[in-house]
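Below is one structure, written out as structure tokens; comments come after it.
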There are 2 protein chains.
Amino acid sequence: METDAPASPFRTREQKAEERSAKRRALLIAAVRMFNERGYHATLLEDVAASLGVSKPTIYHYLGNKERVLLECIALGIEQYHRAIDEAREAPGSGLDRLRHFLRAYARANMDDFGRCVIRTGPEPLSPEGRQGLRERKRRIDAAMRGFIEEGIADGSIVPTDSKLLAFTLAGALNWPARWHVPGGELSAEELASRMVDMLTIGLAPR
Amino acid sequence: METDAPASPFRTREQKAEERSAKRRALLIAAVRMFNERGYHATLLEDVAASLGVSKPTIYHYLGNKERVLLECIALGIEQYHRAIDEAREAPGSGLDRLRHFLRAYARANMDDFGRCVIRTGPEPLSPEGRQGLRERKRRIDAAMRGFIEEGIADGSIVPTDSKLLAFTLAGALNWPARWHVPGGELSAEELASRMVDMLTIGLAPR
DNA sequence: CGAACAGGTTACTCATGGGTATATTGATTG
DNA sequence: CAATCAATATACCCATGAGTAACCTGTTCG
């Protein structure tokens, strides 16, 4: 029990703001989990609200309409990919090393609640504008990945190939766990990511 | 113009049956294309019917309710995978050769209308029974794939690894084109399948 | 103190779209 | 020829679920 301070029941302004954003966040997480489990269409905002013991209009109060909820989940997912890019850009070593670093982070992102949502819930449920924005942002991630690949080709750590096709191939393989990986599985996301990246970068035939 | 026979306007029983199954097939194809383009939920059976110039009840007449339509599309998709398995089982060469053969056929299946549907439309829209059946049938495909891998490990053409994880990784990579490949693209499905399989089986680092 | 506001509720509206009842027409068959 | 069936249409029913209106309550602030 935390009893350092007298723990007054009267909250300060900051505590209020914090509380609000904690509630927002909790609703968002409840929503994304249900999206991932049941699919976007099969998820009722009413059920999301009920899972936290509140009523549907509360969601509208904190998050806006259903598409806005989804868009925010997607935005949070995309953020993870951006972190993966930044992280890999700063990594030392050859282009292949940086690519591997990126791929591991990318794979981990795909097993996070929000990352999974980006993959599982395709662009279909979004409005044309939403789809547009999503495509745009995905394109940027793809470009970054291709950058790592080309860097690797340039420094000789990766065999010359069609970088676009390679990027799609690698991304596809690492996207798929968003469909089958269950968080509490035998392998941790970390472990899984590492092993998959090894398989992809090393190849199958004995040397 | 075909005018070999007097071409009577009165159809025989077989012609009638053929005509009927041709209509069924046409409806199914129209449906699967729209499922793939717009997503299952966003597809109205009314629109599917309209795309062939008929009305909604005609679909119910030929195909039954919406889930039945989807289930049949999925069944046709799954058939392609089975053909891929049979084809690869009869292929000559090492385990790796057979695996590569299977992977190419699998990738091609994923770019066919019905195959794409299996991937794009996950199990979410199905009823519990439908989901159950789908999982079952997918499991069998996965088992076959693992068979090829283990065979390759046994005969030394594939380096020893976790065959389950490898199967997921490879399948994931080859599933992904179902999301981005557009039929009339620069690369044919055939070509694309070959290149991706090469990338996956050979690895990235120079030897 | 009273006005305004934040957080929440209950109880509605209403478009949508899956599915069906029923009618029509033309061919098939006893 | 009557009965039936296949193939289609029109016009409807009705559950569902997103979104909203109106209301309540406690807190904050001029």
Side-chain angles (χ1 to χ4, degrees), chain A residues 8-28 30-32 34-35 37-73 121 124-127 129-130, chain B residues 8-28 30-32 34-35 37-73 121 124-127 129-130:
Chain A
S8 151
F10 303 95
R11 280 125 294 156
T12 71
R13 205 182 317 270
E14 286 109 50
Q15 283 174 324
K16 286 291 235 11
E18 239 173 68
E19 212 170 273
R20 180 179 172 94
S21 85
K23 287 177 183 176
R24 253 186 79 86
R25 178 107 194 146
L27 286 168
L28 222 40
V32 80
M34 215 169 272
F35 287 160
E37 234 172 76
R38 308 187 187 174
Y40 176 74
H41 280 284
T43 296
L44 315 202
L45 288 190
E46 197 154 20
D47 288 356
V48 172
S51 79
L52 293 180
V54 295
S55 70
K56 180 170 57 160
T58 300
I59 298 223
Y60 284 83
H61 185 64
Y62 284 96
L63 300 175
N65 68 18
K66 200 176 177 184
E67 181 171 1
R68 290 273 284 272
V69 176
L70 177 56
L71 280 171
E72 188 149 353
C73 291
T121 312
E124 291 90 354
L126 294 176
S127 64
E129 308 82 60
Chain B
S8 152
F10 303 95
R11 280 125 295 155
T12 70
R13 205 181 318 270
E14 286 109 50
Q15 283 174 324
K16 285 291 233 15
E18 238 172 69
E19 210 170 276
R20 180 180 171 93
S21 85
K23 287 178 182 175
R24 253 186 79 86
R25 179 105 194 149
L27 286 169
L28 222 39
V32 79
M34 215 169 272
F35 287 161
E37 233 172 78
R38 309 187 186 173
Y40 176 75
H41 280 284
T43 296
L44 314 202
L45 287 190
E46 198 154 19
D47 289 356
V48 172
S51 80
L52 293 179
V54 295
S55 69
K56 181 169 57 160
T58 300
I59 298 223
Y60 284 85
H61 184 64
Y62 285 97
L63 300 174
N65 68 19
K66 199 177 179 186
E67 181 171 1
R68 290 272 283 272
V69 176
L70 177 56
L71 281 171
E72 189 149 351
C73 291
T121 313
E124 292 90 355
L126 295 175
S127 63
E129 309 82 59

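Just so we're clear, the structure is a prediction, and the values are computed from it rather than from any experiment. Below, read A as the first sequence line, B as the second, and so on, with proteins coming before strands; counting in each chain starts at 1.
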Output the rounded distance in Å from [atom1] ([X]) to [atom2] ([N]).
| X | N | atom1 | atom2 | result |
| --- | --- | --- | --- | --- |
| B:Tyr60 | D:dC12 | OH | P | 19 Å |
| A:Leu52 | C:dT9 | CG | C1' | 16 Å |
| A:Leu44 | C:dT16 | CG | C1' | 15 Å |
| A:Arg68 | D:dG19 | CZ | C1' | 14 Å |
| B:Asn65 | C:dG17 | CG | P | 17 Å |
| B:Glu19 | C:dA27 | CD | P | 12 Å |
| B:Lys23 | D:dA6 | NZ | C1' | 10 Å |
| B:Leu63 | C:dG18 | CG | P | 14 Å |

May I ask you to verify if any side-chain N or O of [X] is less than 4.0 angstrom from the OP1 or OP2 atom of [N]?
| X | N | answer |
| --- | --- | --- |
| B:Ser55 | D:dT10 | no |
| A:Thr58 | C:dT9 | yes |
| B:His61 | D:dT8 | no |
| B:Arg20 | D:dA7 | yes |
| B:Tyr62 | D:dT8 | yes |
| A:Lys56 | D:dT20 | no |

Do the non-hydrogen side-chain atoms of A:Pro125 and A:His41 ever get within less than 4.5 Å of each other?
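Yes, at least one pair of side-chain atoms sits under 4.5 Å.
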Given 3.5 Å as the limit, does a donor-acceptor pair link the side chain of [X] with the main chain of [Y], or not?
| X | Y | answer |
| --- | --- | --- |
| B:Glu124 | A:Ala42 | no |
| A:Arg24 | A:Tyr62 | yes |
| B:Glu67 | B:Ser127 | yes |

Within 45° of the six-membered ring axis of A:Phe35 and under 6.0 Å from that ring's centre, is NZ or CZ of A:Lys66 located there?
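Judged by the rule (NZ or CZ under 6.0 Å from the ring centre, within 45° of its axis), A:Lys66 is not positioned above A:Phe35.
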Counting side-chain heavy atoms from C-beta on, which of C:dT10, D:dA18, C:dG18 comes nearest to A:Pro57?
C:dT10
